[in-house]
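Contents: one structure, followed by commentary.
The first residue in the sequence is number 1, and the count goes up from there. Just so you know, ligand 1 is whichever comes first in the structure, and atom 1 is the first atom listed for that ligand.
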Amino acid sequence: MIIDCHGHYTTAPRQHEGWRTQQIEAHTAGKPPPPRPTMTDDEIRETIVGGQLKVQRERGTDLTIFSPRAAGMGHHLGDATTSEAWASACNELIHRVCSLFPKNFIGVGMLPQSARVSPQNCIAEIGRCVNEYGFVGVNLNPDPSGGHWQDPPLSDHYWYPVYEKMVEYDIPAMIHVSASCNPAFHTTGSHYLSGDTTGFNQLMTSSVFKDFPTIKFIIPHGGGAVPYHWGRFRGLAQDAKLGLLSDIVLKNIFFDTCVYHLPGQELLAKVIPVDNIIFASEMIGAVRGVDPETGHHYDDTKRYIDQLPLSAADKAKIFEGNARRVYGRLSGVIEKQFAQAG
Ligand SMILES: [Zn+2]
């Protein structure tokens with residue numbers, strides 16, 4: 001089975017994001033939000049059949065670990081109340097997709113975060129995602145202020161309520177920022193990659209893995225700048241007397257393969273142990289074009305893995321085994337959803 005651990009519902013029915021705009025407008029005007037829009041199963045089916053499912057089939061992947069649109073999380077907009085209602089709406093929609101296509105999608109939840117609001121606020125939604133929806137992970141935004149970095153670093157006890165739940169439920173978090181509201185950062189270019197790199201650095205220098213030895217994080221987008229600068233991080237860890245970087249982070253941190261060219265993928269596989277790499281494409285996402293050098297979509301990352309000089313057993317780890325290990329609930333949920341599908 002080929003499991004893509006990083007996909008977002010970027011093709012949701014238009015009324016879903018339309019409601020979000022109305023919700024934020026109402027909040028700004030000091031009014032209550034309008035009622036949530038209706039979306040039929042057929043409308044949802046249509047967005048998937050012609051979208052992510054079509055791409056899965058074309059590329060020969062089987063299952064996508066699927067979460068709400070990342071840039072759409074918008075934790076910098078509104079307040080704790082609007083974030084809660086929006087996260088709830090987005091996660092419910094992901095659950096509907098997974099129920100309609102149980103063999104192709106398994107859910108990951110977004111969290112009702114807000115800048116400078118305690119992540120304690122996320123606990124109820126994490127419980128709902130795991131217990132009611134059968135989700136296998138969460139996306140954790142290290143910068144709910146959208147490019148202004150106003151919250152404490154991930155090393156801070158501020159985040160520990162979320163970490164406690166991750167360990168309790170055996171779910172990993174993907175460190176994933178949302179849209180940038182700071183014009184200095186392009187959302188999917190610099191903001192995403194700096195969020196990945198920053199999150200890694202915050203965790204690497206923290207006590208989080210001492211306090212939560214079994215916790216697991218996925219750094220998306222190939223780890224941002226981390227694998228390319230592995231020597232720098234090794235040296236920083238050494239200078240700070242933290243020990244060997246591989247000893248500090250590799251039980252707890254994993255990198256996805258959302259790197260959109262072969263040389264980048266080769267570097268990732270050369271620097272990071274195979275056990276710490278999880279296949280992902282983030283389709284249909286930030287980069288949708290065709291690479292004129294190859295004639296294939298940039299985000300068709302399976303092609304790059306296929307070309308790596310690795311054994312079949314190592315490729316199987318990247319495509320399936322590591323995802324099943326890092327997402328502790330995944331194998332159980334696969335079994336359950338496949339049984340439902342018949
Ligand atoms: Zn993403």
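Aromatic rings of Y298 and Y260 (six-membered ring for Trp) have centroids beyond the 6.0 Å cut-off, not under it. Aromatic pair H6/H176: ring centres closer than 6.0 Å. Taking the centre of each ring, F200 and F217 stay at or above the 6.0 Å mark.
Closest to the Zn ion (ligand 1) among the N, O or S atoms of E282 is OE2.
Under 2.8 Å from the Zn ion (ligand 1) lies an N/O/S atom of H176, whether from backbone or side chain. The Zn ion (ligand 1) has an N, O or S atom of H6 closer than 2.8 Å.
Checking side-chain atoms of Q150 against main-chain N and O of R116 turns up no donor-acceptor pair under 3.5 Å.
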